[in-house]
Amino acid sequence: MNQLALQHITDSAYCFPVSDNEIVIRLRTAADDIKDAYIIYESKYKIAESRYKKPMTKIGTGRIYDYYSIRLKLDDTRLAYVFYLNDGENYYYFSEDGASLDYDFSKGYYNFSQYPYINEADIHHKVEWLCNSCFYQIFIDRFCIGDDNKDKSYINLKWGDKPTPKSFAGGDIKGIISKLDYIKSIGCDALYLTPIFRSPSNHKYDIVDYYDIDEHFGSKEDFKDLVEQLHKRNMRIVLDAVFNHVSEKNELFQDVIKKGKDSEYFDYFVIRGDRPCKNPLNYEVFAGCDYMPKWNTSNPAVQDYLIAIALYYIQEYDIDGWRLDVSDEISHDFWRKFRKAIKSVKKDAAIIGENWHDASVYLRGDQYDSIMNYAFTKACLDYFAYNKLDATKTAQKLNDILMRNTDTVNDMMLNLLDSHDTDRFLNEVKGDKDKLYAALCLLYLFPGAPSIFYGTECYTMGGYDPDCRRCMDWETALNKDNKAVLLLSKLSLIRKKCEFSFEGTLVNASQDGRVLILKRHGQRADAELYINQTDEVGTYNELQIAPGSFRLFADGGEIL
């Protein structure tokens with residue numbers, strides 16, 4: 001047995017409560033190294049005298065490791081446990097002291113693993129609507145012009161032409177309202193909007209006034225109407241929280257420019273010197289943008305200032321959550337305080353971080369609910385676009401990604417193929433619509449909430465920003481024979497009909513390495529997806545998958 005590969009961490013993604021008397025325990029081993037894995041457990045006050053023993057289930061194989069899991073329902077939540085592992089030759093106990101051929105339970109209080117007590121405050125509860133939603137992300141300026149009476153003098157991009165960093169096409173809030181029935185018809189029931197606040201740019205990430213809706217997009221009344229219209233349709237809305245940085249034109253930073261250290265807001269920013277200076281730059285900014293100074297989110301006054309903004313839009317407009325821009329550059333202290341404030345006024349408000357990398361430290365129930373799952377995006381690109389991964393390696397990669405986080409978090413992850421910050425997925429696969437269809441199936445069946453970037457359904461191409469932010473092609477989107485629209489509608493119905501949860505998820509590949517397999521168990525029905533991106537026929541259990549194609553089965557029938 002490869003003892004170096006064994007890993008279990010208490011109070012982590014390897015050990016977490018899911019209710020007041022249920023806990024999930026995971027174990028990592030070397031791939032194909034363990035024949036059987038068991039857990040031996042009891043209350044930490046009883047385990048010396050009596051014990052339960054139950055088999056664990058292998059839930060996935062990654063690039064190097066196998067992962068085992070079990071969900072325990074406890075009468076006494078003061079849990080103590082050790083693992084009992086069979087490598088085909090010997091049985092080993094695995095405790096905090098490592099692997100051993102024998103184990104003294106009478107002295108177990110020195111080295112058994114434990115979860116001392118399930119406290120209600122430590123349970124990361126699911127935001128159920130987030131788990132069950134299909135998101136539609138809108139870059140507002142490029143989606144739809146709905147207000148024909150507004151001042152259009154700022155518009156400098158003809159609808160449909162390729163955008164530049166300074167382009168304004170004229171999309172607005174009324175345009176979104178006019179298309180809500182369309183969005184609902186393709187199966188999306190939650191919106192994620194890029195920033196709506198007053199800002200000089202087309203993207204609005206350089207915010208001048210958080211409390212003002214940008215005049216290019218509409219009014220406060222327009223936004224209130226949007227939220228009301230969404231809720232009438234049982235749809236949700238998540239806004240973009242730009243709390244890492246702000247526009248240099250913001251009145252607080254302007255006060256610092258004028259008064260320097262004498263400004264009461266001087267410590268709201270990170271400045272090296274007596275006043276901000278651009279040449280040489282002596283204050284922290286977003287990326288290298290000297291016009292977007294960074295907030296000092298370790299300052300309690302800044303925390304209060306920004307949290308008040310987040311609460312305002314929940315209390316005043318009844319929004320359903322926040323997507324947190326550049327969230328990994330903001331202090332953990334701020335996000336902990338932010339979460340408590342948000343959840344105190346709206347318990348089921350979603351908190352979604354923009355972390356492009358492993359964010360498990362943020363996802364323990366004290367900060368975010370989920371993140372934008374760019375690790376999933378990259379795995380899809382490596383499989384469908386770049387040919388870096390075959391089916392076997394893709395399955396392994398996806399399993400490794402799932403094992404970063406708890407079952408609770410996996411059900412809430414915001415999964416995506418592309419966004420306003422990436423090349424369009426169809427561009428990456430060089431316009432291959434069949435690859436897009438297969439990737440959409442994987443997106444919708446993978447644990448978490450799928451997110452569609454507007455225009456995906458009308459085959460929008462585009463490279464990196466700003467090219468990915470092209471105008472919506474409404475003629476193609478509304479074509480009744482549009483296969484992408486029909487597929488999205490079917491995939492959304494499958495998700496709602498099956499009612500998936502992370503338990504019962506299986507990601508693997510056929511023995512010939514050609515077919516990627518995703519199986520989901522739902523409360524009301526099961527689904528299976530088979531994808532073959534090779535040039536040869538792939539076979540799994542006598543099911544043949546043609547080259548470059550996919551087959552999707554749900555509720556016992558095949559979905560085309």
Side-chain angles (χ1 to χ4, degrees), residues 11-13 16-19 22 24 119-137 189-193 235-244 306-307 309-311 313-314 318-377 401-416 419 446-451 495 499-503 505:
D11 200 7
S12 73
F16 52 92
V18 291
S19 74
E22 291 177 290
V24 173
N119 291 285
E120 169 61 28
D122 295 328
I123 303 170
H124 190 178
H125 292 286
K126 289 181 185 178
V127 179
E128 292 294 344
W129 72 261
L130 175 57
C131 303
N132 299 320
S133 291
C134 300
F135 275 77
Y136 193 80
Q137 183 196 348
D189 49 15
L191 297 187
Y192 155 39
L193 304 184
M235 299 172 73
R236 309 275 185 160
I237 182 169
V238 170
L239 295 185
D240 215 322
V242 189
F243 293 160
N244 175 67
L306 296 174
I307 288 170
I309 295 164
L311 293 176
Y313 280 90
I314 292 175
D318 196 26
I319 68 165
D320 301 293
W322 289 100
R323 177 265 190 187
L324 314 174
D325 187 55
V326 201
S327 51
D328 54 357
E329 295 186 20
I330 297 175
S331 69
H332 293 285
D333 183 56
F334 173 74
W335 289 132
R336 292 186 180 104
K337 188 174 181 179
F338 179 90
R339 181 183 182 85
K340 287 183 177 180
I342 297 301
K343 297 292 185 177
S344 71
V345 298
K346 193 165 189 176
K347 189 175 182 179
D348 69 344
I351 302 175
I352 305 168
E354 187 208 7
N355 291 46
W356 289 56
H357 305 279
D358 185 351
S360 54
V361 70
Y362 293 88
L363 294 167
R364 298 307 323 285
D366 61 340
Q367 296 176 69
Y368 320 152
D369 291 313
S370 76
I371 61 169
M372 299 178 76
N373 197 358
Y374 282 109
F376 172 82
T377 309
I401 291 170
L402 288 170
M403 291 302 102
R404 290 176 177 179
N405 298 304
T406 66
D407 299 4
T408 305
V409 169
N410 282 328
D411 277 334
M412 295 190 289
M413 292 292 270
L414 190 70
N415 301 322
L416 63 162
S419 75
F446 199 72
S451 178
R495 285 177 55 85
E499 294 185 0
F500 298 128
S501 65
F502 179 75
E503 281 191 290
T505 298

| remark: Here the gap from Cys131 atom SG to Glu499 atom CD, rounded to the nearest 0.5 Å, amounts to 11.5 Å

| message | For Arg236, is there an ion pair with Asp348 - N to carboxylate O distance below 4.0 angstrom? | response | yes

| task | Not counting sequence neighbours, which residues clear salt bridge (Lys or Arg N to Asp or Glu O under 4.0 Å) with Glu329? List them please. | result | none

| Which atom names give the shortest non-hydrogen contact between Asn373 and Asn415, and what distance separates them? | ND2-OD1, 2.9 Å

| Can you tell me how far the CZ atom of Arg339 sits from the OG atom of Ser344, to the nearest 0.5 Å? | 11.5 Å

| task | Starting from the C-alpha separation in whole Å, work towards a yes-or-no answer on side chain to side chain contact (heavy atoms under 4.5 Å, CB included) for Leu130 and Ile352. | result | CA-CA 10 Å; Leu130 175 57; Ile352 305 168; 4.2 Å; yes

| So, for Lys346 and Asp320, which heavy atoms are closest and what is the spacing to 0.1 Å? | NZ-OD1, 3.1 Å

| remark: Separation between CG (Leu191) and CZ (Phe135), nearest 0.5 Å, reads 9.0 Å

| task | With the side chain counted from C-beta on, respond yes when Ile351 and Trp335 share a heavy-atom pair under 4.5 Å apart, and no when they do not. | result | no

| field | For Asp240, all residues meeting salt bridge (Lys or Arg N to Asp or Glu O under 4.0 Å), sequence neighbours excluded | value | Arg323

| Atom OG1 in Thr505, atom CG in Asn410: separation rounded to 0.5 Å? | 8.0 Å

| Worked check of side-chain hydrogen bond (donor to acceptor under 3.5 Å, both in side chains) between Tyr368 and Ser327 | CA-CA 10 Å; Tyr368 320 152; Ser327 51; 3.1 Å; yes

| Is there side-chain contact between Leu414 and Val238, with heavy atoms separated by less than 4.5 Å? | no

| said: I'd like to know if the side chain of His124 pairs up with that of Asp369 as donor and acceptor (distance under 3.5 Å, no hydrogens or angles considered). | reply: yes

| query | So, for Asp122 and Pro17, which heavy atoms are closest and what is the spacing to 0.1 Å? | reply | O-CG, 4.0 Å

| said: Quick check for you: to the nearest 0.5 Å, what is the distance between Met235 atom CE and Asp189 atom CG? | reply: 6.5 Å

| task | Apply the test side chain to side chain contact (heavy atoms under 4.5 Å, CB included) to residues Val127 and Lys343: give CA-CA distance (whole Å), side-chain angles for both, the deciding distance (0.1 Å), then the verdict. | result | CA-CA 11 Å; Val127 179; Lys343 297 292 185 177; 3.6 Å; yes

| message | Apply side chain to side chain contact (heavy atoms under 4.5 Å, CB included) to residues Val326 and Glu354 and explain how you reach the verdict. | response | CA-CA 6 Å; Val326 201; Glu354 187 208 7; 4.0 Å; yes

| remark: Closest non-hydrogen contact found for Arg404 with Ala13 is O-CB, 3.5 Å

| note | Heavy atoms of Trp129 and Ala350 approach each other most closely as CZ2-CB, 3.6 Å

| Given the rule in the side chain to side chain contact (heavy atoms under 4.5 Å, CB included) test, do Glu503 and Val24 qualify, once you have shown the distances and angles that lead to the verdict? | CA-CA 11 Å; Glu503 281 191 290; Val24 173; 6.0 Å; no

| query | Which residues pass the salt bridge (Lys or Arg N to Asp or Glu O under 4.0 Å) test with Asp358, sequence neighbours left out? | reply | none

| note | Hits for ring-ring contact (aromatic ring centres under 6.0 Å, His included) against His332, two or more places apart or cross-chain, chain-then-number order -> Tyr362

| field | 4.5 Å side-chain heavy-atom contact, Leu416 and Phe376 | value | no

| message | With heavy-atom distances below 4.5 Å as the criterion, would you say the side chains of Met412 and Asn405 are in contact? | response | no

| note | Taking every heavy atom of Ile371 against every heavy atom of His357, the minimum-distance pair comes out as CD1-O, 4.0 Å

| query | From Ile319 CD1 over to Leu193 CG, what is the distance, rounded to the nearest 0.5 angstrom? | reply | 9.5 Å

| message | Going by ring-ring contact (aromatic ring centres under 6.0 Å, His included), name the residues that satisfy it together with Phe502, two or more places apart in sequence or in a different chain. | response | none

| request: Tell me yes or no: between the side chains of Ser501 and Asp411, is some donor less than 3.5 Å from an acceptor? | output: no

| query | Can you name the ring-ring contact (aromatic ring centres under 6.0 Å, His included) partners of Phe334, sequence neighbours left out? | reply | Phe338

| Do Asp407 and Phe16 touch side chain to side chain, with heavy atoms closer than 4.5 Å? | yes

